[in-house]
Amino acid sequence: MEANNHILYTKKSFSENETIAKSEEHLDYMNNRRTVRKFSNKEIPIQVLENIIMAASTAPSGAHKQPWSFCLVTHKDIKHQIRIAAEQEEYKSYNNRMSKEWLEDLAFIGTNWEKPFLEIAPALIVVFKQTYEIKNNQKKTNYYVSESIGIACGFLLEAIHYCGLVALTHTPSPMNFLTQILNRPINEKPYLLIPVGYPAENTLVPNLVRKSKNEVIIKY
Ligand SMILES: Cc1cc2nc3c(=O)[nH]c(=O)nc-3n(C[C@H](O)[C@H](O)[C@H](O)COP(=O)(O)O)c2cc1C
């Protein structure tokens, strides 16, 4: 099949030195991103929240199916419902669902079943993956759904960081309660729950070490 709807694409490029400088600057900037678990309740302008979500939605996706929906929750009562339901699941997880190894692996972060940030953060972005598409009442296949939505969430976290905001990539498992509270259709499954906002004053984060270049990159 021949594609006949292509358009010219132009992109600004840089000299080699400029490219090196940009890559270093970007690495530093990305290295400064941290997951935050204590938020201020300072509001975020709605257009900022819309823009970061639309930046996420520029992500590549299998056959350009864009298999995602981003629910933007700022309503106090809905945030409260999500907190209560998430804490119920997390209580069970921390008390009897997580293995000893898992709890030991999480110990350095200092998390527990309590999730006050789900109400304090000004916005929750609940990402749903569309396991298939429903078009004109017909079921249509989506391709590489997990890969596509993972990339879109990466774009989202990058956009949040770029705007000087912080996020928590949260997975209060199982997350089916989000389908019910947000009344999502049958083809959508909750993927991530991401509180977004400004960090609370004097927020601490774990003093973690990221893998070194030698550990990450295998050259051939
Ligand atoms: C898929 C995924 C799920 C996560 N789930 C949780 C979570 O439920 N609760 C939490 O506090 N952090 C969660 N995190 C955040 C990680 O703990 C955090 O990214 C990691 O410790 C590295 O810290 P950094 O993001 O500051 O680099 C999750 C991260 C990912 C990618």
Side-chain angles (χ1 to χ4, degrees), residues 26-40 52-53 56 59 67-71 73 79 81-121 123-129 131 144-179 181-182 188-200 202-213 215-216:
H26 188 253
L27 172 57
D28 274 354
Y29 158 77
M30 289 303 285
N31 213 6
N32 180 247
R33 182 210 56 80
R34 290 304 310 271
T35 293
V36 160
R37 297 175 181 82
K38 286 206 173 117
F39 289 80
S40 127
I52 59 180
I53 292 173
W68 46 67
S69 303
F70 295 84
C71 295
V73 182
K79 287 196 292 177
Q81 282 181 53
I82 291 176
R83 176 186 177 176
I84 299 298
E87 286 186 337
Q88 274 168 9
E89 294 300 349
E90 290 287 82
Y91 185 86
K92 288 183 212 156
S93 295
Y94 276 86
N95 285 291
N96 51 45
R97 285 200 292 231
M98 284 169 164
S99 64
K100 190 169 166 279
E101 183 185 9
W102 194 351
L103 289 168
E104 279 168 9
D105 280 342
L106 286 177
F108 81 100
I109 304 177
T111 49
N112 62 27
W113 62 271
E114 289 174 290
K115 307 294 167 190
F117 51 77
L118 292 173
E119 283 189 274
I120 297 168
L124 306 178
I125 298 176
V126 190
V127 188
F128 283 85
K129 65 175 181 183
T131 50
Y144 298 110
V145 172
S146 297
E147 292 83 349
S148 303
I149 194 144
I151 295 170
C153 288
F155 279 31
L156 180 71
L157 297 178
E158 213 276 353
I160 290 167
H161 182 48
Y162 184 80
C163 295
L165 301 167
V166 291
L168 165 59
T169 313
H170 190 28
T171 41
S173 175
M175 293 198 279
N176 307 338
F177 64 88
L178 293 165
T179 305
I181 295 174
L182 301 172
E188 294 192 0
K189 298 277 171 276
Y191 186 75
L192 287 177
L193 166 55
I194 307 182
V196 184
Y198 296 90
N202 302 321
T203 297
L204 300 179
V205 292
N207 186 14
L208 52 74
V209 177
R210 291 186 166 132
K211 281 182 168 181
S212 69
K213 203 194 277 190
E215 291 170 294
V216 174

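Both counts, for ligands and for their atoms, begin at 1 and track the order of listing.
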message: Within the structure, is a non-hydrogen atom of Val205 found at a distance of less than 4.0 Å from ligand 1?
response: no
field: Donor-acceptor contact present, side-chain Tyr29 to main-chain Tyr162, <3.5 Å
entry: yes
For [X], atoms of ligand 1 separated by under 4.0 Å from a heavy atom:
X      : value
Leu208 : 22 (C), 23 (O)
Thr111 : 11 (O)
Leu168 : 10 (C), 11 (O), 12 (N)
Arg210 : 24 (P), 27 (O)
Arg34  : 24 (P), 26 (O), 27 (O)

query: Would you say ligand 1 has an N or O under 3.5 Å from any N or O of Lys115?
result: no
- request: Walk me through it: do Lys189 and Met175 pass the test side-chain contact (heavy atoms from CB on, under 4.5 Å)?
  value: CA-CA 9 Å; Lys189 298 277 171 276; Met175 293 198 279; over 6 Å; no
- prompt: Should one rank Glu90, Arg37, His170 by closest heavy-atom distance to atom 15 (C) of ligand 1, which comes out on top?
  reply: Arg37
query: Roughly how far apart are Arg33 CZ and Thr35 OG1, rounded to 0.5 Å?
result: 4.5 Å
- request: Kindly indicate whether atom 20 (C) of ligand 1 is approached by any protein heavy atom to under 4.0 angstrom.
  value: no
